[in-house]
Amino acid sequence: MAARERLLVVGGDAAGMSAASQARRLRAPDDLEIVAVERGHHASYAACGIPYYVGGVVEELDSLIARTPAEFQERGIDLRLRTEAVEIDPGGGRVRVRSLDGGGESWEPYDHLVIATGAVPTRPRLPGADAEGVHGVQILDDGVAIRRAVEDGSPRRAVVVGGGYIGLEMAEALVMRGLEVSLVDFADQPMRTLDPDMGALVADAMRGIGVKLYLGEPVEGFDTSPDGRVTAVRTESRTLPADLVVLGLGVRPASGLAREAGIETGPTGGIVTDRRMRTRTDRVWAAGDCVETRHLISGAPVAIALGTHANKQGRVAGIGIGGGYATFPGVIGTAVSKICHVEVARTGLNEAEAAAAGFETLSVAVGSTTRVGYIPGGAAMTTKLIAERRSGRLLGAQIVGEENAAKRIDGLAIALWNGMTVEEMTGLDLGYAPPFAPVWDPVLIAARKAADAVERDMRSGS
Ligand SMILES: Cc1cc2nc3c(=O)[nH]c(=O)nc-3n(C[C@H](O)[C@H](O)[C@H](O)COP(=O)(O)OP(=O)(O)OC[C@H]3O[C@@H](n4cnc5c(N)ncnc54)[C@H](O)[C@@H]3O)c2cc1C
């Protein structure tokens, strides 16, 4: 019988624990020993739930933890919290780990290594950025700290810096807690992953729930009190008093540990893997926010930090380590979010991304309702489609609207994934009943308008 192998996982969240769980499913403990190290206080947690924990929608922190270390232990996975990997030695097949509580260090050998170190949130190098009361949002410990600040510190005014989806969701959470919320972004619109016309709808929705927006204003620094607490956020145009500041400035792949070990990273800074999530270094796999992947529409390498990809990629790595075969094909940039009752969704390329990839495009944006007019409770939604000139192939879609509008993006993502043209989409057999959609679903109306635009463009002969 072959000797027992050892899998070492660095990073105990979505990607890392998916890989560990899949490998365990396929290989018994007497065939594969599995050790996972996680430097935080929590593992296998839902970072996506942080805004809802801060906002009070989720009461108990434990609800955000999918599995405890004891549950992993029962499955034969040795999960070690507060244990940080500080060096990888690929030649020696070992990782140096440090106990963050005890302080001791040891070398852990591996036959297979999964790097699942996630992402590093951007922190501005500005005066006062590290002051007390300025919070990043990345791991569960951050959510705990912000909720504690909201509940124990009785803050009145909050400033969110950054208008991406995390900024949006945190603004909502703080509004729900009764704070006066301002959002500052150097860009002219929130949600820069949307086109400006759709971003403007998001801005209106934010103003509608009382968030004050300061757009096109780079932050220049943070004022602090003599005891080191943040008191205000300064932009080039104003000083915004703040008892609490939340940063939502985006993330980059946490690939430093891998890079220092000579494991290849790509132009996005993410670890390079093949479709089975193997790095170019023998016996080393990587998954989740720390890797880069391929955008299936633009063909470009991208690092898109989303839990949906991390879980799938971790599963693929675990199946490979378990002796099976699975692949991660790449992404098309589908994402959904919401700010109170207004939902936001996108898939594929926006107009700027399509132009950067060399496409010439035609776009249509269509306003409609989520239900037939005679059924009470319907709400407005705007659907935008971006199609390639001539071919009419769908390249991207965006939705801003209410009442489950955002999840319509999934149908559009499937059309995009399968290379459909907007003309082909006009005949899609989508579900209809008055409480769910108008007779002509907003997606079908948008497809028809886009197909008309492509046709007109062809006729114009330009
Ligand atoms: C507020 C918020 C909301 C989000 N909402 C959504 C959403 O709605 N939908 C969605 O798809 N995604 C969402 N995401 C993104 C999603 O949470 C991440 O993409 C996902 O958690 C990535 O999983 P991961 O395992 O790759 O990395 P992470 O979850 O970041 O886990 C990496 C782990 O590795 C540990 N680690 C790092 N370095 C070391 C080391 N050297 N040694 C030991 N441990 C280490 C870290 O402590 C961390 O726990 C959200 C994220 C945040 C912060």
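Numbering of ligands and ligand atoms starts at 1, following listing order.
- Taking any N or O of Asp13, backbone or side chain, at least one lies under 3.5 Å from an N or O belonging to ligand 1.
- Polar contact check, Val10 against ligand 1: no nitrogen or oxygen pair lies under 3.5 Å apart.
- Summarising the geometry of Val316 relative to Ala326, their closest heavy-atom pair is CG1-O, 3.3 Å, with the distance given to 0.1 Å.
- Numbered from 1 in the order shown, with element, the atoms of ligand 1 that lie under 4.0 Å from a heavy atom of Val137 read 1 (C), 53 (C).
- The residues Glu169 and Lys338 are annotated as not salt-bridged, no charged nitrogen and carboxylate oxygen being separated by less than 4.0 angstrom.
- Near Ala116, with a cut-off below 4.0 Å to any heavy atom, the atoms of ligand 1 are 32 (C), 33 (C), 34 (O).
- Listed by number with element, the atoms of ligand 1 under 4.0 Å from a non-hydrogen atom of Thr308 are 11 (O).
- Given atom 13 (C) of ligand 1, the protein heavy atom at minimum distance is Cys48 SG, 3.2 Å.
- One finds a salt bridge joining Asp89 and Arg94 here, because a Lys/Arg side-chain nitrogen approaches an Asp/Glu carboxylate oxygen to under 4.0 Å.
- Atoms of ligand 1 lying under 4.0 Å from at least one heavy atom of Gln138, given by number and element, are 30 (O), 53 (C).
- Of the protein's heavy atoms, Gly118 CA, 3.6 Å lies nearest to atom 30 (O) of ligand 1.
- Neither the backbone nor the side chain of His42 has a heavy atom within less than 4.0 Å of ligand 1.
- With salt bridges taken as basic N to acidic carboxylate O contacts below 4.0 Å, none links Arg156 and Asp243.
- A salt bridge does not link Arg234 with Glu220: none of the charged nitrogens is closer than 4.0 Å to a carboxylate oxygen.
- With respect to the salt-bridge test (charged N to carboxylate O, under 4.0 angstrom), the residues Arg147 and Glu151 qualify.
- For the pair Asp410 and Arg408, the salt-bridge criterion is not met [side-chain N within less than 4.0 Å of a carboxylate O].
- The minimum heavy-atom distance between Leu349 and Glu353, with the atom names listed, is CA-OE1, 3.4 Å.
- Under 4.0 angstrom from ligand 1, there are no non-hydrogen atoms of Cys290.
- With salt bridges taken as basic N to acidic carboxylate O contacts below 4.0 Å, none links Arg98 and Glu87.
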Derivation and outcome, salt bridge (Lys or Arg N to Asp or Glu O under 4.0 Å), residues Arg280 and Asp274: CA-CA 8 Å; Arg280 302 247 162 92; Asp274 65 10; over 6 Å; no
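- Among all protein heavy atoms, the one lying closest to atom 25 (O) of ligand 1 is Ala15 N, 2.9 Å.
- Interface atoms of ligand 1 facing Ala14, defined by a heavy-atom separation under 4.0 Å, are 23 (O), 25 (O).
- Salt-bridge annotation for Lys384 and Asp197: present, with a side-chain N of the basic residue lying under 4.0 Å from a carboxylate O of the acidic one.
- Considering Ala19, Gly11, Gly49 only, the shortest heavy-atom separation from atom 34 (O) of ligand 1 involves Gly11.
- The closest approach between Thr83 and ligand 1 falls below 4.0 Å for a heavy atom of the residue.
- For the pair Gly307 and ligand 1, the shortest N or O to N or O distance falls below 3.5 Å.
- Close approach of ligand 1 to Tyr45 is summarised as follows: ligand atoms under 4.0 Å from at least one heavy atom of the residue are 48 (C), 49 (O).
- The pair Glu5-Arg27 meets the salt-bridge criterion, with a side-chain N (NZ, NE, NH1 or NH2) lying under 4.0 Å from an Asp/Glu carboxylate O.
- With respect to atom 49 (O) of ligand 1, the closest heavy atom belonging to the protein is Glu38 OE1, 2.7 Å.
- When each atom of ligand 1 is checked for a heavy atom of Ala305 under 4.0 Å away, the hits are 15 (C), 19 (O).
- Asn418 contributes a side-chain N or O that, together with a main-chain N or O of Ile414, makes up a donor-acceptor pair within less than 3.5 Å.
- Looking at atom 50 (C) of ligand 1, its nearest protein heavy atom turns out to be Tyr165 OH, 3.3 Å.
- Annotation for ligand 1: atoms under 4.0 Å from non-hydrogen atoms of Gly288 are 26 (O).
- Distance alone, capped at 3.5 Å, is enough to place a donor-acceptor pair between the Asp185 side chain and the Gly163 backbone.
- The closest approach between any non-hydrogen atom of Pro51 and ligand 1 is below 4.0 Å.
- Among protein heavy atoms, atom 18 (C) of ligand 1 sits closest to Asp289 OD2, 3.4 Å.
- Considering only non-hydrogen protein atoms, atom 45 (C) of ligand 1 sits nearest to Arg39 CG, 3.8 Å.
- Between the side chain of Glu403 and the backbone N or O of Thr370 there is no donor-acceptor pair closer than 3.5 Å.
- Proximity of a side-chain donor or acceptor of Ser63 to a complementary backbone N or O of Glu60 within less than 3.5 Å is detected.
- Both the backbone and the side chain of Thr117 come within contact range of ligand 1, each with a heavy atom under 4.0 Å.
- In terms of polar-atom proximity, Ala47 is not counted as a contact of ligand 1, lacking any N or O under 3.5 Å from an N or O of the ligand.
- At the top of the distance list for atom 41 (N) of ligand 1, counting protein heavy atoms only, stands Ala85 O, 3.0 Å.
- Considering backbone and side-chain N/O atoms, Glu169 never comes within less than 3.5 Å of an N/O atom of ligand 1.
- Here's the thing with Ile166: none of its N/O atoms is less than 3.5 angstrom from an N/O atom of ligand 1.
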